[in-house]
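Just so it is clear, the values below take in all heavy atoms, side chains as well, and ignore hydrogens, waters and symmetry mates.
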Amino acid sequence: MSSKIRDYNKLAVDILNELGGEDNIVSAARCATRLRVVTQSTPENAKEKIASFPGVITVVEKGGQIQVVIGTNVDKVYSAFTQLMSGNNKIDANSKSSILNRIIATMSAVFAPFVYVLAGAGILQGILILIKLAFPEFEQTGTCQVFSFISWAPFVFLPIFIAITASQHFRCNIYIAVACCAALLSPTWAEIAKLIKEGGTFDLFGLPLSETTYMSTVLPPLFLVWLLSYLERLLEPRLHSIIKPLVMPLICLVIMVPLTLLVIGPITASAAHYLASGYNWIVNLAPWIAGAIIGAFWQVLVIFGVHWGITPVIIENIHTYGKDSFQAYQTIAVIGQVGAALGFYLKTRSKEMKGISISAFVTGLFGITEPAIYGVNLRFKTPFIYGCVCAAIGGMVAGFFTPYYYTYAALPGPLTIVNAINPEHYGSIIGVAIGSAIALFGPVILLQILGTNENKLNNEKIENDTPKVVIDKINITSPMIGKALPLSEVPDPAFAQKLMGEGIAIEPTDNHVYAPFDGVVSAVFESSKHAIGLVLDNGVELLIHVGIDTVNLTNNEFNYHITKGQQVNQGDLLISFDPQAIKQAGYPLITPIIIVNTDQYQLITLTENKDVNLDDIIFEIKQ
């Protein structure tokens, strides 16, 4: 509750502790917005506790993983989390997960770290497409050619990126993995493959080689590194430490590269080709059905974090055919949730939710929808449903134009629509544009007409709490005796930046906390007893948090005089505490008093008095 939102090291430590410590961790990875952790067992209430940490959007348990949705700062948390690990856990402990779950987890771990590089390159290609349409002569210039090969470089050398991330995931030597994959990209091998394709023959150890090339491929380098990890573990205990640094790379190179050229490469490349062909057959049979299905359910897959499984099919389509239809429909699905966040922003009257929804909308422009899904749309259900329905309609309409993307977008969204432009098939960009417009404006219109579902949820919450007394003005007296301070002086960002709501702080000169109004105890913290939540009869939801970081104190520094759910009257003793013990433990006694449901009130006036007593008014609230 009092954790520092920007202290990513602290957040990583808290997550690790809640997941049972290092011994319980099998593996950790990250994607664009999530920390993905595989554990031997999930501690009781770990998901709920982690989800309550400041900076965590939500927690999903799926695919054999605990997925902590953090947002675009996940890289900082992941970096801190991995530094806490000694690296002794075995990756094969994940064998308890199903094969499908392990495949999805691997795809996420391999592609997520460099997805933004591919996205940046894809946007550059989109910009070049627009410039060439506006100025056809630009295509013949040296400037165009230079930026063109720059934009294609990450895709051409994709096996190198995969070697780096896959070696980290499978825990093998990153430099050996890169060396093996780099050999597959050798210009000499490209010439040999071309010779074979033209009817020539070429053999290795007397066995004929295939014409498979490895630029922009996914499965060949992925399987190479996976098998390399087993080879290294086989050799590790058998090589003397003196010769190991030299002999290990030598043996791995002379085994893995020929094995890939002869077996791994042809088989996995064919598998990727057949997977892509199977998807394309379905799309060609009924593109409007494919568009409707992808539009409706793609973001549902994002909720569970299993959306990386389609990546090899998309990249194989781009590599083999120079185009892919899945990302065209995927873009429309993404824009459906972006439109829902925008519609929510325009409809809601809550200042807090306006800030959250507009932030989620902006993030969604870059193809990242988790903040929109978890922060707004799924939270109120109706926006998420409207986004999926409108995306399904948009995908179906787009399907009648047989749309394609002509370069890999990595993070499909509003900014990547230009990837559908092709002078030989203008129906592609027309279809994506129309489908995207339906997906964007449909949820906006529906939310303005049918509402956001906020009032219904709030009413349900009120019915379950003590009934509110609706009056024009509410006065709240001080629950403590001491010196009043503004929240800005509280040494904790979560309180100082008012992220939890408007309020005031008190430096106590007494050692008791009293009920400031009649109400019900809504929250207690049994391990430390350092804070209390109240739902007052006047409708105010109040949090009283004695001290800063005092959640760490568990040696009876605090005592409750109430229980959760208990009805209390103004002046009843709630908490008593030992000021000297708290100070000796190194924790400030400054006590934030927060109005948790700040957004339900028009005006909250704070006392200007420096010293406050139990009868003094500290909040004057207008509804």
task = Answer yes or no: is there a side-chain heavy-atom contact under 4.5 Å between Ser436 and Leu440?
result = no

ask   = Can you check whether Val546 reaches Val513 side chain to side chain, under 4.5 Å on heavy atoms?
value = yes

message = If I compare all heavy atoms of Gly539 with all of Asn597, which pair ends up nearest, and what's the gap?
response = O-ND2, 3.0 Å

ask   = Does the side-chain contact (heavy atoms from CB on, under 4.5 Å) test come out yes or no for Ile15 and Val77, once each step is laid out?
value = CA-CA 10 Å; Ile15 293 173; Val77 180; 4.3 Å; yes

message = With no hydrogens and no angle check, just 3.5 Å: does a side-chain donor-acceptor pair link Gln570 and Asp518?
response = no

ask   = Is there side-chain contact between Leu84 and Glu22, with at least one heavy-atom pair below 4.5 Å?
value = no

inquiry  = Are the side chains of His561 and Ile575 in contact, using a 4.5 Å heavy-atom criterion?
reply    = no

note = When every non-hydrogen atom of Ile593 is compared with those of Ile618, the smallest separation belongs to CD1-CD1, 4.3 Å

query = Is the backbone of Lys354 close enough, under 3.5 Å, to the side chain of Ser357 for a donor and an acceptor to pair up by distance?
reply = yes

Nearest-0.5 Å distance, CD of residue Gln567 to CG of residue Asp537 = 5.5 Å

ask   = Is a side-chain donor or acceptor of Asp572 paired with a backbone partner of Ala515 at a separation under 3.5 angstrom?
value = no

key: Main-chain N/O of Ile481 paired with Asn613 side-chain donor or acceptor, under 3.5 Å   = no

query = Given side chains that start at C-beta, do those of Leu589 and Glu507 come closer than 4.5 Å, heavy atoms only?
reply = yes

message = Is it the case that over 12 heavy atoms from other parts of the model lie below 6.0 angstrom from the OH atom of Tyr560?
response = yes

query = Taking all non-hydrogen atoms of both residues, which atom of Gln337 and which atom of Ala372 are closest, and how far apart?
reply = O-CB, 4.2 Å

query = Can you tell if the side chain of Phe577 reaches within under 4.5 Å of the side chain of Ile582, non-hydrogen atoms only?
reply = yes

ask   = Where do His545 and Thr591 land on the side chain to side chain donor-acceptor pair (under 3.5 Å) test, with the steps shown first?
value = CA-CA 5 Å; His545 191 287; Thr591 299; over 6 Å; no

Euclidean distance, Ile332 CD1 relative to Ile417 CD1, rounded to 0.5 Å = 8.5 Å

query = Would a distance-only check, ignoring hydrogens and angles, find a side-chain to backbone donor-acceptor pair under 3.5 Å from Asn24 to Pro43?
reply = no

key: Full working for side-chain contact (heavy atoms from CB on, under 4.5 Å) between Val568 and Phe517   = CA-CA 8 Å; Val568 295; Phe517 204 91; over 6 Å; no

ask   = What closest approach, in Å, do Gly364 and Val334 show between heavy atoms, and which atom pair accounts for it?
value = O-CG1, 4.3 Å

note = Tightest non-hydrogen contact, residues Ala12 and Phe81, listed as CB-N, 3.6 Å

request  = Give the minimum heavy-atom separation between Val535 and Ser522, together with the two atoms involved.
outcome  = CG2-CB, 3.7 Å

request  = Tell me, yes or no, whether the heavy-atom count around Phe366 atom CZ, taken from other residues, nucleotides or ligands under 6.0 Å, exceeds 12.
outcome  = no

ask   = Got a donor-acceptor contact below 3.5 angstrom from the Thr598 side chain to the Glu502 backbone?
value = yes

task = Go through Leu485 and Ile506 one step at a time and tell me if the side-chain contact (heavy atoms from CB on, under 4.5 Å) criterion holds.
result = CA-CA 6 Å; Leu485 301 168; Ile506 294 178; over 6 Å; no

request  = Using the side-chain contact (heavy atoms from CB on, under 4.5 Å) rule, take Leu542 and Ile594 through it: C-alpha gap first, then chi angles, then the decisive distance, then the call.
outcome  = CA-CA 6 Å; Leu542 207 64; Ile594 306 298; over 6 Å; no

ask   = So, Ser79 side chain and Lys76 main chain: donor-acceptor pair closer than 3.5 Å or not?
value = no

ask   = Does a side-chain heavy-atom distance below 4.5 Å link Val432 with Tyr329?
value = no

query = Any side-chain heavy atom of Ile504 sitting closer than 4.5 Å to one from Phe619?
reply = yes

task = Check for a donor-acceptor pair, side chain of Ser359 on one end and backbone N or O of Gly355 on the other, with a separation under 3.5 Å.
result = no

ask   = Would you find a donor on one side and an acceptor on the other, under 3.5 Å apart, between the side chain of Gln448 and the backbone of Gly343?
value = yes

ask   = What about Phe344 and Phe380, are their ring centers closer than 6.0 Å?
value = yes

message = As an exercise, state the distance from NZ of Lys564 to CD1 of Ile532, rounded to the nearest 0.5 Å.
response = 11.5 Å

key: N/O donor-acceptor pair under 3.5 Å between Ser478 side chain and Asp616 backbone   = no

query = Do you see a donor-acceptor pair shorter than 3.5 Å between the side chains of Thr369 and Gln299?
reply = yes

inquiry  = Using 0.5 Å steps for rounding, measure from the CG atom of Leu606 to the CD1 atom of Ile621.
reply    = 9.5 Å

inquiry  = A quick test of your reading: do over 12 heavy atoms of other residues, nucleotides or ligands sit less than 6.0 Å from CD of Glu48?
reply    = yes

Interatomic spacing from CD1 in Ile604 to CD in Glu620 - rounded to 0.5 Å = 11.5 Å

request  = State whether the side chain of Lys529 and the backbone N or O of Glu526 hold a donor-acceptor pair below 3.5 Å, judged by distance alone.
outcome  = yes

message = More than 12 heavy atoms of other residues, nucleotides or ligands under 6.0 Å from CG of Asp615: yes or no?
response = no

Distance (rounded to the nearest 0.5 Å) between Ile385 CD1 and Leu446 CG = 11.5 Å

